[in-house]
Number of protein chains: 2
Amino acid sequence: MKPKRSVPALMDVARRAGVGAATVSRVINGGQNVSARRLAAVQQAIEELGYHPNQAARSLKGARTKTIGLVVPSVADPFFSAAAEAIQEVARGHGTLLLLAVSENQSAREQEQVASLIQRRIDGLILAPSDGADFSMFKHAGFPVVCFDRPFPGQDIPVVLSDNYAGAKAATEHLVKAGRKRILCLSGDPQLFTSKRRVKGYRDVVRAAGLPYLAEVSVQDHESAVAALTPYLSGRSRIDAVFSIKNAITVSAYKILRDAGLEVPKMVAIAAYDDFELADTLDPPICVVRQPVVGIARRAAEMLFEALDRGQVQTKMVKMEVELIHRASCGGHSR
Amino acid sequence: MKPKRSVPALMDVARRAGVGAATVSRVINGGQNVSARRLAAVQQAIEELGYHPNQAARSLKGARTKTIGLVVPSVADPFFSAAAEAIQEVARGHGTLLLLAVSENQSAREQEQVASLIQRRIDGLILAPSDGADFSMFKHAGFPVVCFDRPFPGQDIPVVLSDNYAGAKAATEHLVKAGRKRILCLSGDPQLFTSKRRVKGYRDVVRAAGLPYLAEVSVQDHESAVAALTPYLSGRSRIDAVFSIKNAITVSAYKILRDAGLEVPKMVAIAAYDDFELADTLDPPICVVRQPVVGIARRAAEMLFEALDRGQVQTKMVKMEVELIHRASCGGHSR
DNA sequence: GTGAAAGCGCTAACAA
DNA sequence: TTGTTAGCGCTTTCAC
C-alpha cells in the first residue's frame with residue numbers, strides 16, 4: 001500500500017485513526033460529541049500526518065473563506081502600508097487572512113485584481129478605489145465592500161475617509177493668518193479624489209482672502225517638482241508659501257526651496273498634507289495636516305466585519321477629523 | 001423555479017446557455033474545441049450572470065491555487081513594505097495573488113499564520129523567518145519555501161539576503177579611517193540574524209583596529225535610545241561616532257546627538273544601516289549602508305516561481321552586495 | 001464537438 | 001457517540 005504522495009486529507013486521518021470521516025471533522029471543528037478515546041486517536045493521527053484541513057473544500061460547502069481582499073494603489077506608500085498593517089491586524093482578530101492586491105490607481109488593473117479576488121470567494125473587500133473604478137465589476141460578487149481614503153465614484157458604498165477639505169482649509173488659513181500673500185498649491189494627480197478635495201479647500205480660502213489662486217496640480221516626481229516650482233522662485237511671480245498636497249512632493253519642495261537659497265519660513269513658508277516620520281526633524285520642522293491613518297484603516301476593517309456579522313452595514317460614511325500640526329515651517333505663531 | 005440566491009455557478013451558466021457543464025468549462029479555460037455558436041452563447045451567459053469561476057472548486061481538483069503566501073515581521077516597516085510591493089508585482093506577472101501575513105517576529109504568531117496559509121493550500125511561501133522559526137510547521141506542507149532577509153534558523157532553505165557582515169564592516173572601517181576612536185554600535189533586538197551579523201562586522205573592525213568595543217544592542221524606541229546613548233555623551237566615556245544598525249533607531253540617535261548639542265560630524269560622526277528617504281536631506285546628510293531591497297525581494301519571488309515551474313530550486317543562497325553611501329555625517333572624505 | 005458522470009476534501013443530515 | 005452518504009463547483013475522462 002503506497003501512501004498517497006500529496007498532502008494528507010481528512011480521509012487519511014480517519015483511516016489512520018480507525019474512525020469515520022465525520023469523527024475527524026468533529027474533532028477539527030472543536031471536538032464536541034466525541035469520546036475521549038477517539039479524540040485522542042484522531043489528534044494523534046493529525047499530528048503524525050501533519051494534517052491541515054483544506055479550506056478550499058470547506059468553502060465549497062458554503063462556509064466563509066476567512067479571507068478578505070485589500071486593494072490599494074501601492075503598498076510601498078507609507079499611508080497604505082500603515083493601513084494594510086492595521087487592516088491585517090483587525091482581520092487577524094477575526095481569524096481572517098488578507099489577500100493583497102495593488103491597483104496602481106489604474107482602473108483596468110483594479111478590475112483585473114478584483115476579478116481575481118472574486119474567484120477566490122473572499123468574504124469581503126476593502127478598497128481604496130481608483131478614479132475610474134467601475135461598479136459593474138461587483139456584479140453578483142456577493143460580498144460586502146468597504147472603501148477607505150476615497151469614496152467609490154458615483155456609488156453609495158460605505159466609506160471611511162478623512163476630512164480632506166477641512167484639512168486643506170485649516171492649513172491654508174494658517175498660512176494666510178501668518179501673513180502669506182502668494183500661496184502656491186502643489187499636487188499630484190488632479191483626478192484623485194483626495195487631491196480635488198484638498199485643492200478645493202485651498203482655493204476656497206485664498207479666494208475668500210482675496211489672494212491669487214496659484215496651483216500646479218500635476219507634479220509627479222522631483223523633476224516635475226523642479227519644473228513646477230522654478231517659475232515661482234524669483235521675479236514678480238515669486239511666492240511666499242507652498243502648500244504641498246501630496247506626501248512625496250513635500251520633501252522635493254523642501255529641497256528645491258532650500259537649494260534655491262530661499263529661507264524657510266522667512267522667505268517661503270511650507271505647509272503640507274500628510275505627516276511623515278521626519279517632518280519634525282527637518283530644519284525647520286514641517287507644518288503638516290495629519291490624518292489618522294491607522295484609525296481610518298481600522299474603522300474600515302471593523303465596518304467590514306460588522307457587515308459580515310450583522311449582515312448589513314449601517315453607516316454609509318465615516319469622516320475622520322484631521323489635525324493641523326503646527327511646526328516652524330509655517331512661520332506662524334503656534335496659535 | 002426560483003433562481004438560487006447566491007453567486008452563480010458553472011451549472012447556472014450551462015443551463016442558461018443551453019449547454020453541458022463541460023462546454024462551459026472548456027470556454028472558461030481557453031475555449032478550445034468549442035463551436036463558435038456555443039462559445040458565443042456561453043460567453044453571453046457568463047456576461048449576463050456575472051459569473052466568476054470558483055477557485056476553491058478548481059483547486060480541489062488539484063490545480064494550483066495561484067496564490068502564494070508572504071510572511072513578514074511587519075508591513076508598516078518600509079523595508080518590508082517595499083519588499084511586499086516587489087513580491088506582489090512578480091506574483092502578478094505569474095497570475096498569482098499574495099496572501100499577506102504578519103509575524104511581528106514572534107515564532108508563535110508566525111506558526112499560527114503559516115498554519116493558516118497551509119490550510120489555504122498556497123502554491124508557495126516567501127518568508128522572513130523569526131529567530132525562533134520552527135521548521136516542523138512545514139511538515140507535509142507540500143509547497144516550496146523561499147526565505148529572504150534572513151535564513152531559516154538551522155535549515156537549508158533557499159534564501160536571498162544581503163551581506164550584512166560586509167556592510168557593517170565597510171561602514172565601521174569608514175569611520176575608523178575618518179579617525180574615529182570610540183565608536184558606539186546601536187542595535188535593536190540582539191537575537192535578530194541581521195543584527196548579529198552587523199554587530200559582528202562592527203566588532204571585527206574595531207577589534208582589529210585596537211579600538212574599544214562599545215555596543216548597546218537592545219534599543220527599542222526613542223526612550224531606550226536616550227537611555228542607551230546618554231552615558232556616552234559626556235565625560236571620559238564620551239564617544240566620537242555612532243554606528244546605528246537599525247532603521248528606526250538612526251533618527252533617534254541623530255536627534256539625541258543634536259539635542260545634546262554634539263555637532264555632527266565634527267564631534268560625533270554617524271553611520272547607519274539601511275538607507276531611508278530623507279537620509280540625504282537631513283543636516284548633515286546621513287552616511288548609510290544601502291541594501292537592494294527591491295532586488296532582494298524580487299529575486300526571492302523569482303526563485304519561488306522557478307521552483308514552482310521547474311519543480312526544484314537550484315540555488316540555496318543568494319547574497320546581495322550592499323553599498324556604502326558616503327554622506328557628510330561620517331566626517332570622512334568621500335574617498 | 002459535446003455531454004454525462006466520477007471525484008477532489010470537506011460538512012451536515014441522517015441512521016444506527 | 002458514531003459512521004455513511006450526499007452534495008458544494010469544478011475538471012476530466014469517456015462515450016456518443
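Here is the naming used below: chain letters follow the sequence lines, and residue numbers restart at 1 for every chain.
With respect to the salt-bridge test (charged N to carboxylate O, under 4.0 angstrom), the residues A/R109 and B/E89 qualify. A salt bridge links B/E112 and A/R92; the closest N-O separation between the charged side-chain nitrogens and carboxylate oxygens is under 4.0 Å.
Within the structure, every side-chain polar atom (N or O) of B/R37 is placed at least 4.0 Å from both OP1 and OP2 of C/dG1. Considering only side-chain N and O atoms, B/S35 lies nowhere under 4.0 angstrom from the phosphate OP1 or OP2 of C/dG1. Proximity of B/S59 to the phosphate of D/dC10: no side-chain N or O atom is located under 4.0 Å from OP1 or OP2. Under 4.0 angstrom from either OP1 or OP2 of C/dT2 there lies no side-chain N or O belonging to B/N33.
For B/A57, counting side-chain heavy atoms from C-beta on, the closest listed nucleotide (C/dC10, D/dG9, C/dT11) is D/dG9. Among the nucleotides D/dC10, C/dC10, D/dG9, the one closest to any side-chain atom of A/L60 is D/dG9.
Distance CZ (A/R121) to C1' (D/dG9): 9 Å, rounded to an integer number of Å. A straight line from CZ of A/R64 to C1' of C/dC10 spans 18 Å, rounded to a whole angstrom. Nucleotide C/dG9 holds its P atom 16 Å from the CD1 atom of B/I118, rounded to whole Å. Remark: P of C/dT2 and CD of B/Q32 are 13 Å apart, rounded to the nearest angstrom. Straight-line distance from the CZ atom of A/R58 to the C1' atom of C/dC10: 8 Å, rounded to whole Å. Separating the CG atom of B/L10 from the C1' atom of C/dA4 is a distance of 14 Å, rounded to the nearest angstrom.
Rounding to the nearest 0.5 angstrom, the gap separating the CG atom in B/N54 from the OG atom in A/S59 is 6.5 Å.
Looking at heavy-atom distances under 4.0 Å, A/L39 makes no contact with the nucleic acid at all. Among the atoms of the strands shown, base atoms are found under 4.0 Å from some heavy atom of B/S25. Using a 4.0 Å heavy-atom cutoff across all strands shown, A/V19 reaches sugar-phosphate atoms only and no base atom.
In this model, a side-chain donor or acceptor of A/K61 finds a partner on the base of D/dG7 within 3.5 Å. At a cut-off of 3.5 angstrom, the base of D/dG3 holds at least one donor-acceptor pair with the side chain of A/R26.
Place A/A22 and B/G20 on DNA chain C by their nearest nucleotides, and B/G20 ends up nearer the 5' end. Nearest-nucleotide positions on DNA chain D place A/V34 closer to the 5' end than the other of A/V34 and B/I28.
For the residue pair B/E110 and B/S103, no side-chain donor N or O sits within less than 3.5 Å of a side-chain acceptor on the partner. A/T194 and A/N164 form no side-chain donor-acceptor contact under 3.5 Å, judged by distance and modelled atom types alone.
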